[in-house]
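Take a look at the structure set out below.
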2 protein chains.
Amino acid sequence: MPKLGMEPIRKDALVKATITEIGRTGSLDVTVSQIAKRAGMSSALAHHYFGSKEDMFLAAMRHIMTIYGAEVRGALGVAQTPMARIEAIVVASFSAANFRREAVGAWLNFWVLAQTVPQAKRLVAVYQRRLKSNLLVGLRPLVGARAEAIAEGLGALIDGLYLREVLRPGAPDGAAAAQMARAYLAAHLADAP
Amino acid sequence: MPKLGMEPIRKDALVKATITEIGRTGSLDVTVSQIAKRAGMSSALAHHYFGSKEDMFLAAMRHIMTIYGAEVRGALGVAQTPMARIEAIVVASFSAANFRREAVGAWLNFWVLAQTVPQAKRLVAVYQRRLKSNLLVGLRPLVGARAEAIAEGLGALIDGLYLREVLRPGAPDGAAAAQMARAYLAAHLADAP
DNA sequence: TTTTTTGTTGATTGACGAGTCAATAAACTT
DNA sequence: AAGTTTATTGACTCGTCAATCAACAAAAAA
């Protein structure tokens with residue numbers, strides 16, 4: 001039954017299955033067979049398309065970051081004021097697409113992976129740089145030199161909210177998390193210039 | 001050469017070796033042999049004192065939390081004002097003993113472990129509850145009803161700073177992290193009542 | 001139509017690692 | 001002195017899993 005042009009479809013299915021499986025179990029200790037099974041194929045085929053399990057992990061990381069990046073870019077595109085730019089980033093960070101169990105669970109595990117795999121570390125570094133840079137563009141017109149420290153803090157707060165989400169019972173509450181980030185901002189903007 | 005009363009010494013060595021090894025490799029994928037070797041004994045002996053690898057992990061978690069808890073309690077003991085109480089927690093959180101590579105790396109991995117192992121999850125929950133409660137005692141006299149949200153945010157920020165420390169190059173900078181937490185507080189305290 | 005390329009899997013290999021066991025020995029008890 | 005408890009390890013079992021391979025099938029190219 002081999003239809004041609006399966007490669008992108010299979011790869012996509014595997015990437016999604018990887019995220020699902022890591023998020024579901026909350027661990028990088030998932031077998032290639034588990035992932036392949038969830039993606040509806042044999043483990044041998046998974047190895048055929050991705051050379052190794054590590055490659056699957058990296059592709060899954062890139063996928064998460066791509067989604068996140070696209071959403072941020074989209075929201076940023078329609079932001080007119082500095083304040084709106086920051087708000088756009090906050091909203092995107094805690095949107096339903098990004099701030100969901102699976103994705104957050106996978107994200108945390110990728111952070112851990114970054115301690116072992118240089119490629120993964122680079123990916124996280126890219127995420128951090130972009131986030132900071134995006135925040136700075138919005139913050140500088142508002143607070144000048146203080147922007148640096150505020151961006152750093154807001155970045156850490158967002159990561160911390162992700163981290164905590166992982167262990168929270170019940171459905172994720174992106175709105176509450178976003179509110180927390182906004183409060184951080186409001187406080188810092190109101191503070192002495 | 002068996003001297004008696006080895007149990008506590010061996011267990012202690014194993015707990016410390018577990019933290020070192022997890023922190024060093026940045027992963028829970030450490031073998032019992034690795035840990036035992038670093039602790040200066042055979043893997044069989046490690047299994048003799050702790051029933052399983054998971055038990056070792058849990059003991060290591062408890063150890064980290066005990067150190068942290070003791071330091072917080074110590075600092076809290078000499079704090080006279082609400083503000084001093086909060087400052088005590090911040091200082092303890094980023095003290096040299098707690099905010100060091102190994103410990104932070106291990107801490108993150110234990111957070112991940114908590115997704116899989118209920119016992120570990122409970123331990124993290126205890127840590128979170130204590131942190132929040134300690135912060136609230138200091139915050140309530142200062143900001144009343146807003147204390148809840150501020151404590152939650154400060155907790156998330158502290159966790160986020162830990163999370164980011166894991167991937168930062170160079171020696172940990174507890175002073176900078178503490179400064180970030182203080183800025184968060186200052187901003188929120190200065191903000192409208 | 002033969003050949004090549006693409007898709008697919010069951011079976012196998014090879015490594016690694018948690019946990020068990022038997023054996024040895026020193027100390028302590030009776 | 002005989003027996004028991006504690007300390008200790010090398011060797012072994014048993015399971016798991018990433019990665020490979022041989023084989024088969026269908027489409028495309030020659």
Side-chain angles (χ1 to χ4, degrees), chain A residues 1-22 24-61 106 109-110 112-113 116-120, chain B residues 1-22 24-61 106 109-110 112-113 116-120:
Chain A
M1 353 179 134
K3 312 210 168 144
L4 287 228
M6 281 286 102
E7 177 154 355
I9 290 135
R10 293 302 201 184
K11 277 196 163 184
D12 192 68
L14 281 169
V15 160
K16 281 173 182 159
T18 303
I19 293 167
T20 304
E21 213 55 19
I22 292 179
R24 201 179 59 78
T25 68
S27 153
L28 292 172
D29 269 331
V30 288
T31 70
V32 173
S33 299
Q34 263 173 70
I35 296 170
K37 185 171 188 180
R38 178 164 298 262
M41 71 194 82
S42 71
S43 72
L45 193 55
H47 272 104
H48 172 69
Y49 284 122
F50 291 93
S52 68
K53 185 157 103 160
E54 193 172 298
D55 281 346
M56 280 181 237
F57 284 172
L58 290 171
M61 270 187 87
N109 277 281
F110 290 148
V112 169
L113 186 68
T116 317
V117 181
Q119 285 257 0
Chain B
M1 356 176 133
K3 314 208 168 144
L4 287 230
M6 281 286 101
E7 177 154 355
I9 290 135
R10 292 303 202 184
K11 279 196 161 184
D12 191 68
L14 281 169
V15 160
K16 282 174 181 157
T18 302
I19 294 168
T20 303
E21 213 56 18
I22 291 179
R24 200 180 61 77
T25 67
S27 155
L28 292 172
D29 269 333
V30 288
T31 69
V32 173
S33 300
Q34 262 174 71
I35 297 170
K37 185 171 189 182
R38 179 164 297 263
M41 71 193 83
S42 72
S43 72
L45 194 55
H47 272 104
H48 172 68
Y49 284 122
F50 290 94
S52 67
K53 185 158 103 160
E54 193 173 299
D55 281 345
M56 279 181 239
F57 284 173
L58 290 171
M61 271 187 86
N109 277 282
F110 290 147
V112 169
L113 185 68
T116 318
V117 180
Q119 285 257 0

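Within every chain, numbering begins at 1; the chains are lettered A, B, ... in the order of the sequence lines, protein sequences first and strands thereafter.
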Distance in angstrom units between B:Leu14 CG and C:dG19 P, rounded: 14 Å
A:Met6 has a side chain; which of C:dT8, C:dA18, D:dA18 sits nearest to it? C:dT8
Residue B:Tyr49, side-chain heavy atoms: nucleotide from C:dG17, D:dA7, C:dT9 that is nearest: D:dA7
I'd like to check B:Leu58 versus B:Phe50 (side-chain heavy atoms, cut-off strictly below 4.5 Å). Are they in contact? no
Check the distance between D:dT8's P and B:Glu7's CD and give it to me in whole angstrom. 11 Å
Would you mind reading off the distance between A:Phe50 atom CZ and C:dG7 atom P, rounded to a whole angstrom? 13 Å
Can you tell me how far C1' of D:dG10 sits from NZ of B:Lys37, to the nearest Å? 15 Å
Euclidean distance, atom NE2 of residue A:His48 to atom P of D:dT20 [Å, nearest integer]: 13 Å
Assert: residue with more 5' nearest nucleotide on DNA chain D, out of B:Gly5 and B:Ala44, is B:Gly5
side-chain N/O B:Arg10 vs D:dT8 OP1/OP2, d < 4.0 Å: yes
Taking the minimum atom-to-atom distance to the side chain of B:His47, which one of C:dT9, C:dG19, D:dA18 wins? C:dG19
From CE of A:Met56 across to P of D:dA18 the rounded distance in Å is 8 Å
Among the candidates C:dC28, D:dT8, D:dC21, find the nucleotide nearest to the side-chain atoms of B:Leu4. C:dC28
Compare the minimum distances between each of C:dT8, C:dA18, D:dA19 and the side chain of A:Ser52, then state the nucleotide with the smallest one. D:dA19
Distance, rounded to the nearest Å, where B:Asp55 contributes CG and C:dA18 contributes C1': 13 Å
Quick one: does B:Leu14's side chain get under 4.5 Å of B:Ile35's, heavy atoms only? yes
Compare all side-chain heavy atoms of A:His48 with those of A:Arg10 and state whether any distance is below 4.5 angstrom. no
How long is the line joining CE of B:Met41 and P of D:dG10, in whole Å? 13 Å
Under a 4.5 Å cut-off applied to non-hydrogen side-chain atoms, are B:Phe57 and B:Asn109 in contact? no
Test item: A:Lys16 side-chain N/O and A:Ala39 main-chain N/O as donor-acceptor pair under 3.5 Å: no
Answer with base, sugar-phosphate or nothing: what part of the nucleic acid does A:Thr31 contact at a heavy-atom distance below 4.0 Å? sugar-phosphate
